[in-house]
Q: 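This is the structure I want to talk about, given as structure tokens.
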Protein chains: 2
Amino acid sequence: MSIPEYHDSSGRRLVDYPRPSVAVDTAVLTPDPERGLLVLLVRRDSATRSDAWALPGTFLHEGETLAGAVLRSLDQKAGLRGQAPRQLYVFDDPRRDDRGWVLSVAHVVLLPPAVVAPVAEERPDDVQLRPVAEATGLPFDHDGIVEMAVAQVRAAYAERPDPERLLPEPFTLRDLRRLHEAVAGRRLQPDVFRRHVRDHLQSTGEATRGSVGRPAELFRHASR
Amino acid sequence: MSIPEYHDSSGRRLVDYPRPSVAVDTAVLTPDPERGLLVLLVRRDSATRSDAWALPGTFLHEGETLAGAVLRSLDQKAGLRGQAPRQLYVFDDPRRDDRGWVLSVAHVVLLPPAVVAPVAEERPDDVQLRPVAEATGLPFDHDGIVEMAVAQVRAAYAERPDPERLLPEPFTLRDLRRLHEAVAGRRLQPDVFRRHVRDHLQSTGEATRGSVGRPAELFRHASR
DNA sequence: CGAATAGTGTCTTTTAGACAATATTAA
DNA sequence: TTAATATTGTCTAAAAGACACTATTCG
């Protein structure tokens, strides 16, 4: 009969170690057809109405996962219901936060504009959407987080069609291409794009109707 | 005049939150010309001489960076002086460790065999080198860490020549290719490899002497 | 029919890879 | 000279990209 080891390999009890606070900071990105990738910023101190905007974040609560903390912070700070945050990096400089010893785990979440835009419109004093190129001068390590988030999302979308499943199925190749253009931040040739993604998609046999030109074939994702 | 905010945005003091222990676990990889990528394992409980091997790890100490904890753990557990650990992933299941609430930040370190092999030979009871394909059945999330570490290193080496600068300069293309073969785990064609990396290298104008065949040009890395 | 959009044919350029030929040295 | 290794030439196959053409619908 054995009890769990509440000590580390040198015999020191775990509870005797000082422990850091752990925070999460999240770059919520949304692809806008007009302005490319936008990042969501929240006012850092809503009491003072200061001009300091930052990425939403929070401290990790007991028994909570990092993803859970990310989703909670998005709900609290922006009234958003996100999903599937991805880890980017742990910022660990012991002196990065003058409130104490705080590790911050940076995350990225990609959400459809239909979900994010209304929040920014309803609460302009608290929530802002800004093109990623113009999101600089942020506090802490937030400039770097935005950069990593953009790189992560662009790499994922260059790899395969809509990996985050932002588009509701079924969709046309035009819809898919507009989404990818917003993520990439540049125009993509329709024919080249089509051949890029075609093998990963499955035709529904249906087509759009009532639109201006030739009807477009409707697709869904092939796998699964 | 203002004091630092020792509280979070909801007014709760930081110190009032329960905080997790933070650990680091590290996959130390080394490219072996014969056996491909090897991973370093340490005996989990050196007192009992149990057959449980695992990745070296430790708890983060106060005022320490994650990279610092990684290097300290390698020094303590294997007498290794490493450098430049890279973060892979944070494992955050609140119940992953029955000793308590422990977050683990997985890392990867790539070291030259000349540094790692002697350690394993001198302390076979504590330290083991195993081909990555045979490093399964490890405790905690260690199987997954090894997998991520291998993927990370292989991707980096497929991208550019010896990004971790394991080879002392100057080196021949043969030396460089042998290293990349060990990382990739397969043979690479000399001519194809040469054209792949040539643009990233800078000739020293020197050549090897006294070897069997035609002398090989000596190179260094081009950038910087 | 004409405007508008969807989709395909085909050519060029680039890249990766394979294979063979040439180059240079030690023994 | 021969064995051994380094380096380059060249061909083929695959992929990416550009451009023009055909197809189908609405008004």
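The model shown is predicted, which means the values in this text are computed figures rather than measured ones.
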Q: At what distance, to the nearest 0.5 angstrom, does NE2 of H107(B) lie from CG of L74(B)?
A: 10.5 Å

Q: NA contact type, R194(B), heavy-atom cut-off 4.0 Å: base, sugar-phosphate, or nothing?
A: base

Q: Map L173(A) and V212(A) onto DNA chain C by nearest heavy atom, then report which one ends up closer to the 5' terminus.
A: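 So the residue in question is V212(A).
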
Q: Is the shortest side-chain N/O distance from Q189(A) to OP1 or OP2 of dG17(D) below 4.0 Å?
A: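 For dG17(D), neither OP1 nor OP2 has a side-chain N or O of Q189(A) closer than 4.0 Å.
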
Q: Which part of the nucleic acid, if any, lies within reach of T172(B) when heavy atoms closer than 4.0 Å are counted: base, sugar-phosphate only, or nothing?
A: nothing

Q: Which nucleotide in the list dT25(C), dA6(D), dT25(D) gets nearest to the side chain of P215(B)?
A: dT25(C)

Q: Decide whether S104(A) and D25(A) meet the rule of one side-chain donor and one side-chain acceptor closer than 3.5 Å.
A: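 Yes, a side-chain donor-acceptor pair sits under 3.5 Å.
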
Q: Would you mind building the protein contact string for nucleotides 9-16 of chain D? One character per nucleotide, 5' to 3', B for base within reach (heavy atoms under 4.0 Å), S for sugar-phosphate only, - for untouched.
A: BB------

Q: Rounded off to whole Å, could you give me the CG-to-C1' distance for the D199(B) and dT15(C) pair?
A: 13 Å

Q: Between D93(A) and R96(A), is there a salt bridge with N-O shorter than 4.0 Å?
A: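 A salt bridge is absent here (no side-chain N lies under 4.0 Å from a carboxylate O).
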
Q: Please report, rounded to the nearest Å, how far the P atom of dA6(D) is from the CZ atom of F193(B).
A: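 Roughly 12 Å, once rounded to whole Å.
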
Q: Do R72(A) and T58(A) meet the criterion of a side-chain donor-acceptor pair at a distance under 3.5 Å?
A: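 Side chains of R72(A) and T58(A): pair found under 3.5 Å.
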
Q: Taking atom P of dA18(D) as reference, at what distance in whole Å does atom CG of L188(A) sit?
A: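 Nearest whole value for this atom pair: 11 Å.
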
Q: For R186(B), is there an ion pair with E181(B) - N to carboxylate O distance below 4.0 angstrom?
A: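 R186(B) and E181(B): not salt-bridged.
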
Q: Please give me the minimum heavy-atom distance between T208(A) and T172(A), naming the atom from each residue.
A: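 Closest heavy-atom pair between T208(A) and T172(A): CG2-CG2, 3.4 Å.
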
Q: With heavy atoms under 4.0 Å as the rule, sort E217(A) into base, sugar-phosphate or nothing.
A: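 Counting heavy atoms under 4.0 Å across all strands, the contact made by E217(A) is with sugar-phosphate only.
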
Q: Taking CZ from R178(B) and C1' from dA6(D), how many angstroms apart are they, rounded to a whole number?
A: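 For the pair R178(B) CZ and dA6(D) C1', the rounded distance is 13 Å.
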
Q: Could you check how far CG of L218(A) sits from C1' of dA6(C), rounded to whole Å?
A: 12 Å

Q: In whole angstroms, how far is the C1' atom of dA6(C) from the CZ atom of R209(A)?
A: 17 Å

Q: Quick one: R177(A) CZ to dG7(C) P, roughly how many Å, whole number?
A: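 Computing the R177(A):CZ to dG7(C):P distance gives 10 Å.
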
Q: Is R214(A) close enough to dA4(C) that one of its side-chain N or O atoms is under 4.0 Å from OP1 or OP2 there?
A: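 Checking R214(A) against dA4(C): no side-chain N or O falls below 4.0 Å of OP1 or OP2.
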
Q: To the nearest angstrom, how far is E206(B) atom CD from dA6(D) atom P?
A: 17 Å

Q: Between R194(A) and E217(A), does any NZ, NE, NH1 or NH2 come within less than 4.0 Å of an OD or OE carboxylate oxygen?
A: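 The answer is yes: the pair qualifies as a salt bridge.
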
